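So you know, we letter chains A, B, ... as the sequences are listed, proteins then strands, and number each from 1. All of these numbers come straight from a predicted model, not from anything done at the bench. Computation of the quantities below employed the complete heavy-atom set of this structure, encompassing side-chain atoms and omitting hydrogens, waters and symmetry-equivalent molecules.
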Amino acid sequence: MQMFPKQEVVAMLLAGGQDSRLGVLTKKLAKPAVPFGGKYRIIDFPLSNCVNSGVEAVGILTQYQPLILNEYIGNGQPWDLDGMHSGVNCLSPYQAIKGADWYSGTANAIYQNINYIERYDPDYVVILSGDHIYKMDYNKMLEYHKEKNAACTIAVIDVPLEEASRFGILNTYEDGAIYEFDEKPEHPKSTNASMGLYIFSWKELRKYLTEDEAKEGSSHDFGKDVLPTMLAAGERMFAYPFEGYWKDVGTIDSLWEANMDLLDPNVTLDLKDIYSRNPMMPPHYVAPSANIQNSLVADGCNVEGDLEFSILFSGVTVGKGAVVNSSIIMPGAVIEEGACVQFAIVAENTVIGKNAKVGQRPEEVENRDEWGIAVIGENSKVADGAFVPAKVMIDTDTEVAAE
Amino acid sequence: MRSNDVLGFIFAGTLDEKIPELAASRTTASVPIGGKYRLIDFVLSNMSNSGINNVGIVAKSNFLSLTDHVGSGSAYDLSKRRSNLTLLTPYGGKTFSNFVETVYNMHGYIEHCREEYVLIEQGNVVTNFDYNALFDFHSKNNADVTLIYKKGVIPAGYDRPVTLDVDADGKVQQVFVKPENTAEEANFMYGAMLIRKELLMTEIRRALSLNQLDIKRVIQDSVGPLRVFAFENKGYTAFISSINSYFDFNMDLMKREVRDELFNPKRPIYTKVRDDAPSRYGLESSVKNSIIAQGCVIDGEVENCVISKGVYVGKGAKLSNCIIMQDTKIGANTNLNYVIIDKDVEIQDGRSLMGFDSYPIYIAKKSVV
């Protein structure tokens, strides 16, 4: 096998999982490719973190709906990941002499790409997931890993006690050494939630991946199999406390909230040094009839209506008299004259017809449990005057008729 | 003629002396314009979109910002195995003072290029133009030279404008230099032409041997001996030849038909990419009839303005009819009307600056007001 110049760290980004929680938004694309923040895709965050931390070799494990993601990553140039012997590679399942396998779990996905990792002869491997919004210097975590002489370091974030039962909780001794994994505990003992971000010393990880592969009945998953086995074997495993903005955007609500956080001056996340592919569009135009308050607007938009607490991706049109409030409008969508879009996510290239109404304010709904963010799938059309109530999800390529 | 048989040859600084403020620290072609572009983006994108894949840019002075902007040409798809962008700067003490000598001094480069034709263009022209129609016209007429012209009133700033008398077939009958009545509509030739490379070099050598350094005169004399044709650019075109024309073009961008034509998604205008976040509008912002690039934070009132990338507009600021270039900071409670502000300027809180529509005032790069 041809060896490349050594990389101390190789990052492996898990981007292939199928997950139905984002509904129509991930019908045609993998979750890491979901648009975020007016011009980004979720994967821009971990990729930019890699580059900004000096990690130059990144393997992206793809399996579910990889087309858009593969195309977006391309040669990695927007992230400076297009080096001669390093950079970014999309790694899909493949056929080999002994047969062909889908990635059967997160650990199996890495196992099947041991060759990719070994070309760089790394000392450490970072495992990242593609559905988190955060900015982090992985070097600091690596220093911590080295300092603790750990086999595995898991990044954790302090969550409010009342929310801790939604997360995987790590219970540690005072020095940060982990003694217990507690998956979604009813009575959490601590508030250290796992961020799904691991640094392994490669020799150890390689050993445990190989063993896990041979183990019958294993689901080949990091959280369920590899990490507990390592802990049981007495390996040095530490929790690395991360401070800063971090959000799992795996659900419609959390995706919407994380976008809205960008409009909140009290939130510490800034978009500086987050890189992305830039569509070639002119600056946006704001017409005399427009009113824009507390919003983000990208290139190529044409705004003639009212925007409040909203995010417009590139090339969005908002017609005269239209109102967009507390909503996320993805690239190329058209909100026609007089339409009203509130508390909604409108996916790419969707048309909201004249005087149509999408989404509702919480106070418009009698039973609060029935309220939620309305979602319109890509390439759909909401007819003139039609109504899409709160929490309703419209499929992709669908036409919603007026009553 | 196939477009990959054509060498693009752009003069970056022909009218530098007409916009001394904007071109103080850069050449005309790299003047920031339209919120996120530099002037040369238009002609370079047109060439790239028309299939021309070898382009030389002649820059006689002040070319640092141009070099920085165009880089390898990759933003225009001009940096591949079969495409190339070359910056041609003075060397060995040779002068670039006039067209004839400049082209002669570049003969090594021009003759080395494998293309059969040369398309000469100017870096101060804003238009979205498909050269393929020009190539077809040139071939169909079996022309020796095809000049591009624009019908209309001659733009201000051209000291010795050239106008053409063209017959119904597009053949040039007569070439006028500095015509008497400049207020009338005329066929204005702005320095763009298509010519066979070999013929160009023959004509340049002959002109030099006759000590004829005036290209306008050379063109005049060629009508008759050569088949000189003219092709009309019928699209929206702006010539940046004075601070007023610079201002007027930026304001033209508020017109939908101008934007739709210039930024035709089928023939995009490319530019060097910067990783700016989407622009952020504050709670008290009010923006009307304006062009806003990315990376801005707008907390004040903006009307009839072009705001470039990375600009900050403070609370209570009132901006009307202004062009603000990149990364400038406009402080709180300022009041600006008809002001062109270059990049990296700081207007401190509470300042007031007023120009007039016929006389916009200009604030130089990196100033603090």
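Residues B:Arg274 and A:Asn278 have side chains not in contact (no heavy-atom distance under 4.5 Å, counting atoms from C-beta outward). Taking 4.5 Å as the limit, every side-chain heavy atom of A:Ser314 sits out of range of all side-chain heavy atoms of B:Gln294. When side chains are defined from C-beta on, A:Ser310 does not count as touching B:Tyr281, because their heavy atoms never get closer than 4.5 Å.
When A:Lys272, A:Gln293, A:Met281 are compared by the number of non-hydrogen pairs under 4.5 Å with chain B, A:Gln293 comes out ahead. Options A:Ala298, A:Ala287, A:Pro282 differ in how many heavy-atom pairs under 4.5 Å they form with chain B, and the most are formed by A:Pro282. Taking chain B as the reference chain and counting heavy-atom pairs below 4.5 Å, the highest number among A:Val303, A:Val297, A:Leu271 is found for A:Val297. When each of A:Asn291, A:Asp270, A:Val286, A:Leu296 is checked for heavy-atom pairs under 4.5 Å with chain B, A:Val286 comes out on top.
Interface remark: B:Tyr270 contributes backbone and side-chain atoms alike to the contact with chain A (heavy atom separation under 4.5 Å). Contact annotation for A:Phe309: only side-chain heavy atoms (C-beta onward) come within less than 4.5 Å of a heavy atom of chain B. Both the backbone and the side chain of B:Val287 come within less than 4.5 Å of a heavy atom of chain A. Neither the backbone nor the side chain of A:Leu312 comes within less than 4.5 Å of any heavy atom in chain B. When heavy atoms are compared at a cutoff of 4.5 Å, B:Ile291 approaches chain A by way of both its backbone and its side chain. In this structure, no portion of A:Gln77 lies under 4.5 Å from any heavy atom of chain B. For A:Asp273, no part lies under 4.5 angstrom from a heavy atom of chain B. Heavy atoms closer than 4.5 Å to chain B are found nowhere in A:Ile311, neither backbone nor side chain.
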Side-chain donor/acceptor pairs under 3.5 Å, residues 245-262 of chain B, sequence neighbours excluded:
| from | atom 1 | to | atom 2 | distance (Å) |
| --- | --- | --- | --- | --- |
| B:Ser245 | OG | B:Phe239 | O | 3.3 |
| B:Ser245 | OG | B:Ser241 | N | 2.9 |
| B:Ser245 | OG | B:Ser242 | N | 3.0 |
| B:Ser245 | OG | B:Ser242 | O | 2.9 |
| B:Ser245 | OG | B:Ser242 | OG | 3.1 |
| B:Tyr246 | OH | B:Pro32 | O | 2.6 |
| B:Asn250 | OD1 | B:Gly34 | N | 3.0 |
| B:Asn250 | ND2 | B:Tyr246 | O | 2.9 |
| B:Asp252 | OD1 | B:Lys255 | NZ | 2.8 |
| B:Asp252 | OD2 | B:Tyr236 | OH | 2.5 |
| B:Arg259 | NH1 | B:Leu253 | O | 2.9 |
| B:Arg259 | NH1 | B:Met254 | O | 3.3 |
| B:Glu261 | OE2 | B:Tyr236 | N | 2.6 |

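We find the OG-CG distance between B:Ser285 and A:Asn294 to be 8.5 Å, quoted to the nearest 0.5 Å.
B:Asp276 and A:Lys39 get closest at one heavy-atom pair: O-NZ, 2.6 Å.
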